[in-house]
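One structure below.
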Amino acid sequence: MSNRIEARMAALKEKNEKAFITYITAGLPDMKATKEIIKAQNGITDVIELGIPFSDPIADGPVIQQASYEAILNGASLRKTFDLMEEIRAEGIEQPILFMMYYNTVVNYGIEAFVKKCNETGVDGLIIPDLPFEEQENLKKALDNDDRTILIQLVSPVSADRISKILADAKGFVYCVSAMGVTGQSATFHKEVMNYLADVKAKSAIPVMMGFGIRTAADVAPMKDIIDGAIVGSHFINLMRENDFKAEAATEYATTFKKELNEI
Amino acid sequence: MKIKICGLTRPEEANYINENKVDYAGFVFYKPSKRNLTLEQAKEIMNHLNEDVKKVAVMVSPDAEMVEAIQSLPFDILQIHKELSEEVLKVAALPVWYAVNISDEAEAIAKKAIIDKLPADLADKIEAIVVDAPNFGSGQTFNWHKSRRMLKAGAQSPPGVEEDTEDVTLTSFFEEKKFVLAGGLNADNVKEGIRIFSPDIVDVSSGVEGEQGKDKEKITAFVNAVRQIGENMNKRAYYGEYGGQYVSESLMNTLDEIDAAFEEAIKDPEFIKQYHYYLKQYVGRETPLYFAERISEKYGTKIYLKREDLNHTGAHKINNVIGQILLAKRMGKTKVIAETGAGQHGVATATGAALFNMECTVYMGKEDVERQALNVMRMEMLGAKVVAVESGSNTLKDATNEAIRTWAKTAEDTFYIIGSAIGPYPYPKMVKEFQAVISREAKVQHMEVEGRLPDVVMACVGGGSNSIGMFADFIDEEGVELIGVEAAGKGVDTDEHAASMAKGRPGVLHGTRSYLLQDEDGNIQLAHSISAGLDYPGVGPEHAYLHDTGRAKYVPITDTEAMDALMELTQMEGIIPAIESAHAMAYAFKKAKEMTPDQSMIVCLSGRGDKDVNTISNYLAGKGYLN
């Protein structure tokens, strides 16, 4: 198995542990800080999502919108994030890392060139919230030849009959949007969220992760028997801001969350 | 994507083929097969098949005598498995499909060697390669991913992976012929097979069988699965390479529902009657096609103005709002949301919401809220809630982002009324449908006066709603020149314009792929125009398509040119146009100089200028831009 995310998922399954995933906007407040935040979670957080800032983040709530906006003003870009990936991998950090980004950033870079660069710089996976299953053809064609970079599939509480076809060739893990709409909403989950998660879990051959609106391990206690892990985005950014982006805060939060996640 | 159903054994199965408009039907002549037929049995089934279904005779290592016997029946294609001899090819009077078991590399290479040795005239008789499972008719799939690498490795080999030279030979071998994907397909796996191989034809047999031979429902399910992906590949949601549905997963079922409801509604005479009732009694249609006498005389050609400015609420926007809000009601939605830049679409939506007693929220960039205070007031009087959006640039594109976000959260009871010819499919199609009334009327009106079609039809283009409505009924009239006028702001060579067609690149924004103003990182740039309605960094996908195919021409007009035209129209015809529409007027004056007095053009006067009086007075006072 040559994909870091898939390898990590397999290892967690072996140990019967749940996965902990964090999201941070690349270049907030600068690439140096981002690098330190990644390194601070090495060996703790199972997968790190790096958000590539985009001018029009339609799937994100206010926290990530603002983060994205500031990162762009500070000069962050896809190209610079690739540079960061090269540095991180050169330092021997084997942490699974994926990009969460908008499709125009891929199109602008050129789909083939983008995939090649992801393969080369050790980007293990992609989450593209404005690229639903029906529009994935071109990207999948480019990704098909090499499993170093995989496309993560998203499902939502209203995906209903779409779930089976989305899961048919899903790789790595499934990203379950737990609340409707955009990132960073409070942890008031969609009314039938438990049924939905159970449905996805029953249909999925790969681990099921829940994201959107999670702050602490206790937030996912009600569905601990269903899900295989939790993703924290907006709250993690808020936390980093409150701590002046100090790497130690990331270490501490990740350690606690990961520990509690496997104790609940 | 063509479909072949193979191994028919009963006459009634022919009906399933006919009903599902399957392209090819296969008849097996191979004694060990449970689907084996005699010539008489085959003839009986063929009699039930529609003429346009191609009949394929499937044989295993046949001799020349057998092929000649087969050709006594009205077959269209010979499909041959295992051995294919020169003698057989010599007597073959029909195109030959040659089956290859691709999971066995040695066999595939051996078969290629056989073809290579054939004289060219015989090799040419092989029209297609049927890529089959190891055991003919076994219903097993072969290893798709491995096979794909073998078949299609060439161009897409990842860096660092050494190519097997044999693979490359195979690639060229298969690319010369049509590619038929067979072997264990069914309704569940066919989409994946199509995605991996992009075949020309998919061939199914056991995957659509029940206990008694071919199963009607399974055939329908298989055909639907193929057509669905076929539509995606043919890009039903696309205009050429533009359009699509680039939204979050949580909106995909919503778009499907809207699409289904919309297609049903526009075929329902009651719905259409209702729509036209409100257009006539409430909006005040039809609008006049006014012959602008003085400017026609001055510029030396006949200039007709399609008076959308005379609609209720002062612009064409209401046509679309009435259509979409009736659809929203029909779908049982109780709330509507909309985005607005200058406030025209917001006012139109608030108006429709008041009329149909629906809760309405309008998203508007904070900057626009401040500079369009009057329209904000109008919306609030009409009972709408106006949300000032503070994110990004605080303008129309950010208001649109926020409307999409809200919609993703609330789609269960909320309908998003998009005002421009943008957004995910089916929005561009809906907006065109509900604005097409502009050109339908204009065409008839022009015919009544001139007895012929106009030479030129012109409209301004921001997102492109009035222009797509003005073009709609003329797109198929080849003799009519279509011109869209973009806002060039301070000039297309400055950084301050809204000319996405002239200066943009294809990209993805607000659910659709089209021309966009963007920087080198793919971030969307701010558009600039004195006209708020044209101040958008993208353009509707159908316009991008009309642009690329050359059917329509898109030209830029600067702020200054537009304002000069605005004043001229005001003073010569007594019509104060919206600044948006003044862009079209400005190019009309330029274009007229190339035309003769006998020729005529229609300019869409999309809105009236009352809303712009503040901007105009500031401009005239030399204060420059409000926007």
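Lettering follows sequence order; numbering is per chain, from 1. A quick note: this is a predicted structure, and the numbers were derived from the prediction, not measured.
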Honestly, the part of Asp188(B) sitting under 4.5 Å from a heavy atom of chain A is neither

Phe54(A), part contacting chain B, at a heavy-atom distance under 4.5 Å:
both

side-chain contact (heavy atoms from CB on, under 4.5 Å) partners of Ala261(B), counting only residues at least two apart
Leu327(B), Met331(B)

Hey, could you give me the CD/CD distance between Glu390(B) and Gln65(A), rounded to the nearest 0.5 Å?
11.5 Å

Looking at Gly522(B), Gly511(B), Gly244(B), which makes the most heavy-atom pairs under 4.5 Å with chain A?
Gly522(B)

Around atom CZ of Phe133(A), are there more than 12 heavy atoms of other residues, nucleotides or ligands at under 6.0 Å?
yes

Heavy-atom proximity to chain B below 4.5 Å, by part of Pro57(A):
both

Atom CE in Met252(B), atom CG in Leu154(A): separation rounded to 0.5 Å?
12.5 Å

How far does CG of Asp521(B) sit from NZ of Lys80(A), to the nearest 0.5 angstrom?
8.0 Å

What's the spacing between Leu509(B) CG and Ile58(A) CD1 if we round to 0.5 Å?
8.0 Å

With only heavy atoms counted, which part of Glu402(B) is less than 4.5 Å from chain A, the side chain, the backbone, both or neither?
side chain

How many angstroms lie between OG1 in Thr400(B) and CG in Asp56(A), if you round to the nearest 0.5 Å?
9.0 Å

Just wondering, more than 12 heavy atoms not from Asn74(A) lying within 6.0 Å of its CG?
yes

Which atoms of Leu516(B) are under 4.5 Å from chain A, going by heavy atoms: the side chain, the backbone, both sets, or neither?
side chain

Please state whether the side chain, the backbone, both or neither of Pro424(B) comes within less than 4.5 Å of a heavy atom of chain A.
neither

If I compare all heavy atoms of Glu520(B) with all of Asn108(A), which pair ends up nearest, and what's the gap?
O-ND2, 2.8 Å

Does any heavy atom of chain B fall under 4.5 Å from the side chain of Ile166(A), the backbone, both, or neither of them?
side chain

Under the side-chain contact (heavy atoms from CB on, under 4.5 Å) criterion, do Asn253(B) and Asp161(A) qualify, and how do the steps go?
CA-CA 9 Å; Asn253(B) 272 329; Asp161(A) 56 344; 3.8 Å; yes

So for Val115(A), is it side chain, backbone, both, or neither that comes closer than 4.5 Å to the heavy atoms of chain B?
neither

Below 4.0 angstrom, N of the basic side chain to O of the carboxylate: do Arg162(A) and Glu249(B) qualify?
yes

For Ala67(A), what residues pass the side-chain contact (heavy atoms from CB on, under 4.5 Å) criterion, not counting sequence neighbours?
Thr25(A), Leu28(A), Ile237(A), Arg241(A)

Heavy-atom distances under 4.5 Å only: say whether Ile72(A) touches chain B with side chain, backbone, both or neither.
side chain

Between CD1 on residue Ile524(B) and CG on residue Asn104(A), distance to nearest 0.5 Å:
4.5 Å

